Protein chains: 2
Amino acid sequence: MAQKQENLSKNQKIVLDFIEKANQPLKAYSILFNVQKKGLKAPPQVYRALDRLVEIGKVHKIESKNAFVACKNSNCTISNATAFSICDGCEKVTEISNPKLSKYLSGFQDNSGMKYNKYNLEFFGLCKKCR
Amino acid sequence: MAQKQENLSKNQKIVLDFIEKANQPLKAYSILFNVQKKGLKAPPQVYRALDRLVEIGKVHKIESKNAFVACKNSNCTISNATAFSICDGCEKVTEISNPKLSKYLSGFQDNSGMKYNKYNLEFFGLCKKCR
DNA sequence: TTGAAAATGTTATATTATAACACTGTTACA
DNA sequence: TGTAACAGTGTTATAATATAACATTTTCAA
C-alpha cells in the first residue's frame, strides 16, 4: 500500500516540508543546510529521506539537474510516470500533467521485448518570459 | 554547423573510439582509467571531450546513470531528441529509434507557453532475459 | 513483550564534476 | 607577416553529489 503523509517519519516530514515550501527543485546539500536547524546533521539523513520520498512518489528527482521537487499531482502515490518541463533560461521546472501524454507513454511498446513499467521524460526549452 | 567526425580533436577521437567500442554506457571515470594509456591523465580532459561529443550528438548521457553512450543513430548530428530503454535487471541500455515516438514528442505542446526544443526520455523495465 | 523491520545518528569515504590557470596550435585577416 | 581570436590541451586542486558501514533507537504487530 502507498504510504500516507501522516505515516512519514520525522526526518521524512522535515525534508518533505522543506521541499514543498520551495516550489522549485532543490539540491540535496541545499536541503541539508536548511534542515540542520531541525537536527538533520549529515548527508545520509537527507539522502535516506529523499530516497524514501521518491520511492513513494511524494518527491521526484530531476535527473538532469540532480535536484528534487515535490510532486504536484496530489494523488500521486508512486512515481512511475513523470514528465517535466525545464526552462533553459530561468531554470524553472514544472511537472507536466497531461493525460494524453501519460497515456501515450504508459502504453508505449516496441518490438524489443522490453516490458516497461516506468518512465521519466524531461523537456527543455524557453518559457514565455525567457523568450 | 554540425561537426564531422574527421574534425574531432585528438582527445575527442580517443574518447569517442572507446565509447563506441563499448556498446554500453560507460562512466566518466571508467573512460578515464581506460584512456590513460593514450595519454589522457586527468578528469577535465575526459569531461571536456565528453561535453563536446554530447554537444554534437555523437554521445548521449544517460542521466539516471551518469553514464555516456555512443549515439546509434548514424546520422544524428545534434542530440535534441533522445529516448532510451533501460533494463533494471541487467542494466542494458538501448537507444530507442521510433519515428512515431519521436514525432509525437518533438511535436508536443501544452498550454504553458513553453517552447520546447529538446527532450530526453528514459524508459525502465525488464528485458526478455530478465523477466 | 518481544523481535523483526524501519528509521536514526555518525564517521568516513567514494563518486562525479568543475574551477582555474598556463600553455599550444591553428586560422583569419589587417 | 604578425597578431588577435579561438579551440584545444595539460595540470593541480577542489567542489559537489552520493553511499558504505556500523552502532543505536524506535515502531508496531504477532
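Being a predicted model, the structure only gives us computed values, none of them experimental. Reminder, nothing fancy here: chain letters follow the sequence lines and each chain counts from 1.
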**Student:** Would you kindly give the CG-to-P distance between A:Leu26 and D:dA16, to the nearest whole Å?
**Tutor:** 16 Å
**Student:** Ignoring hydrogens, what is the shortest heavy-atom contact between A:Glu20 and A:Ala70? Give both atom names and the distance.
**Tutor:** CG-CB, 3.7 Å
**Student:** Return the value, rounded to whole Å, for the distance between atom CG of B:Asp51 and atom C1' of C:dA17.
**Tutor:** 9 Å
**Student:** Report yes if the distance between the aromatic ring centroids of B:Tyr104 and A:Tyr104 is under 6.0 Å, otherwise no.
**Tutor:** yes
**Student:** Does one side chain, of B:Asp110 or B:Ser112, offer a donor that lies under 3.5 Å from an acceptor on the other?
**Tutor:** yes
**Student:** Kindly calculate the angle separating the two end axes of the helix from C:dT1-D:dA30 to C:dA30-D:dT1, each obtained from five base pairs, and round it to 10 degrees.
**Tutor:** 30°
**Student:** When you get a sec, tell me which of C:dT10, D:dT11, D:dT9 is the closest nucleotide to the side chain of B:Lys10?
**Tutor:** D:dT9
**Student:** Does B:Lys61 have a side-chain nitrogen or oxygen under 4.0 Å from the phosphate oxygens OP1 or OP2 of C:dT16?
**Tutor:** no
**Student:** Determine, for A:Lys65 against A:Glu91, whether the closest basic-nitrogen to carboxylate-oxygen distance falls under 4.0 angstrom.
**Tutor:** yes
**Student:** Base, sugar-phosphate or nothing for A:Lys65? Non-hydrogen atoms, less than 4.0 Å.
**Tutor:** nothing
**Student:** Counting only side-chain nitrogens and oxygens, does B:Ser9 get under 4.0 Å of the OP1 or OP2 atom of D:dT9?
**Tutor:** yes
**Student:** Between A:Gln45 and C:dG9, does any side-chain N or O lie under 4.0 Å from OP1 or OP2?
**Tutor:** yes
**Student:** List the atom of B:Asn120, the atom of B:Glu63, and the distance in Å for their closest heavy-atom pair.
**Tutor:** ND2-CG, 4.1 Å
**Student:** Given C:dA6, is OP1 or OP2 found less than 4.0 Å from the side-chain N or O atoms of A:Asn11?
**Tutor:** no
**Student:** Run the side chain to side chain contact (heavy atoms under 4.5 Å, CB included) test against B:Ser97 and tell me which residues pass, sequence neighbours left out.
**Tutor:** none
**Student:** Specify the separation, in whole Å, of atom CD of A:Gln36 and atom P of C:dT8.
**Tutor:** 16 Å
**Student:** Hey, which sits more toward the 5' end of DNA chain C by its nearest nucleotide, B:Ala28 or A:Lys41?
**Tutor:** A:Lys41
**Student:** At under 4.0 Å between heavy atoms, how does the protein contact nucleotides 20-30 of chain D? Give one character per nucleotide, 5' to 3', with B, S or -.
**Tutor:** BB---------
**Student:** Between C1' on C:dA14 and NZ on B:Lys27, what's the gap in Å once rounded to a whole number?
**Tutor:** 11 Å
**Student:** Between B:Pro43 and B:Asn66, which is nearer to the 5' end of DNA chain D once each is assigned its nearest nucleotide?
**Tutor:** B:Pro43
**Student:** B:Leu8 has an atom CG; how far is it from atom C1' of D:dT9, in whole Å?
**Tutor:** 15 Å
**Student:** Using ring centroids (six-membered ring only for Trp), state whether B:Phe108 and A:Phe123 fall under 6.0 Å.
**Tutor:** yes
**Student:** Side-chain N or O of B:Tyr47 less than 4.0 angstrom from OP1 or OP2 on C:dA17?
**Tutor:** yes
**Student:** How many Å lie between NZ on A:Lys38 and C1' on C:dG9, as a whole number?
**Tutor:** 19 Å
**Student:** Rounding to a whole Å, what distance do you find between A:Asn7:CG and C:dA6:P?
**Tutor:** 13 Å
**Student:** Less than 3.5 Å between a donor and an acceptor, one on the side chain of B:Tyr29 and one on the base of C:dA17, is that the case here?
**Tutor:** yes
